[in-house]
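Here is the structure we will look at.
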Amino acid sequence: MFTSYIAIGDSFTEGVGDELPDGRARGWADFVALGLAAATPEPVRYANLAIRGRKLAPLIAEQLQPAIDQRPQLVSLNGGGNDIMRPKISMQSVVRMLDDAATRVTDAGLHMLLLSGANPTAHLPMGSVMRRRGDELDAAVRALLPRENVTFVDNWADEGLGDFRYWSVDRLHLNPLGHARVASNVLTALGVPVPGEWGVEEVAAAPAGEKSRRTVDYYRKYVLPWIGRRLTGRSSGDGRTAKIATLTVVDPSAAAPL
């Protein structure tokens with residue numbers, strides 16, 4: 001059982017799409033920390049260094065060593081999603097960076113949790129291009145495995161996560177139900193019980209959700225601002241800092257309901 005855990009990544013790991021009433025993003029990594037805490041009587045410490053909008057190279061440069069320096073038993077990394085959305089990408093470079101990051105973590109004597117993001121492409125404009133790249137990245141990462149002290153969780157291949165009921169209004173980020181399902185995938189891979197109160201199995205067994213149309217309002221609120229940031233070299237993570245910068249004891253009783 002891991003009793004110290006640090007998550008690094010981009011918006012997927014920060015928890016965008018699962019915003020609490022106070023405005024704080026929760027997300028799957030917070031759920032994993034809560035699941036670890038619920039499964040052991042020992043205190044579990046957790047930090048989340050993820051910042052939305054980060055491409056893989058700056059993500060690793062900014063977050064990996066600070067995570068290793070805190071000596072957690074478990075480090076999780078998801079990255080590359082922002083890279084595959086850019087016009088040009090070197091897939092070999094992305095895979096090499098993920099491989100090198102895993103080596104740095106395991107060489108430090110820590111366990112590496114490497115996970116792919118959920119697949120949003122069925123709901124996005126020009127989603128077929130992103131799906132093709134995501135499939136390529138997922139296959140390349142799987143080819144690196146199995147590997148000692150590395151656990152891989154393949155959310156991209158979880159077809160159930162593609163259902164519309166798991167996605168937020170921007171269609172790019174998971175909603176609370178989607179983040180809970182990813183956390184369930186992670187805990188299951190780690191051999192940790194999934195708290196029944198999350199309702200993951202009940203939601204998965206329910207009928208599929210209806211797809212909604214992409215309206216003019218959707219493009220105005222979400223697509224055009226994203227394009228504007230790309231054209232001006234800005235990021236949604238500009239000026240942001242890690243939401244939990246240092247290992248902090250998890251309080252399971254403070255968990256907000258889904």
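Judged as a salt bridge (Lys or Arg N to Asp or Glu O under 4.0 Å), not a single pair has a partner in residues 100-111 (not counting sequence neighbours). Listed by first and then second residue, the salt bridge (Lys or Arg N to Asp or Glu O under 4.0 Å) pairs that reach into residues 55-68 are Arg54-Glu62, sequence neighbours excluded.
The ring of His111 has its center closer than 6.0 angstrom to the ring center of Phe2.
Of the N and O atoms on the side chains of Asn175 and Asp18, not one donor lies less than 3.5 Å from an acceptor on the other residue. A donor and an acceptor atom, one from each side chain of Tyr5 and Arg45, are nowhere located under 3.5 Å apart.
Taken together through direct or relayed side-chain contacts under 4.5 Å among Ile, Leu, Val, Met, Phe, Trp and Tyr, Ile60 and Leu144 form part of one hydrophobic cluster.
Within 6.0 Å of the CD atom in Gln65, the count of heavy atoms belonging to other residues, nucleotides or ligands exceeds 12.
Atoms CG and CG, from Leu49 and Leu77 in turn, are 11.5 Å apart once rounded to the nearest 0.5 Å. Separation of atoms CG (Leu34) and CZ (Arg26) is listed at 8.0 Å; rounding is to 0.5 Å.
Side chains of Leu115 and Ser76 form a contact here, defined as non-hydrogen atoms less than 4.5 Å apart. Side-chain atoms of Asp30 and Lys243, non-hydrogen and from C-beta on, do get closer than 4.5 Å to each other. Side-chain contact between Val105 and Asn149 is absent, with no heavy-atom pair separated by less than 4.5 Å.
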field: Worked verdict on Thr13 versus Arg52 for side chain to side chain donor-acceptor pair (under 3.5 Å)
entry: CA-CA 8 Å; Thr13 302; Arg52 64 192 69 183; over 6 Å; no
Output side-chain donor-acceptor pairs under 3.5 Å for residues 133-142, partner residues at least two apart or in another chain, one line each.
unit_1 : atom_1 : unit_2 : atom_2 : d
Arg133 : NH1    : Ile84  : O      : 2.9
Arg133 : NH1    : Arg86  : O      : 2.4
Arg133 : NH2    : Pro87  : O      : 2.8
Asp135 : OD1    : Trp156 : NE1    : 2.8
Asp138 : OD2    : Arg142 : NH1    : 2.7
Arg142 : NH1    : Asp154 : OD2    : 3.2

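Under the 30°/60° scheme for interplanar angles, the aromatic rings of Phe164 and His123 are found to stand perpendicular.
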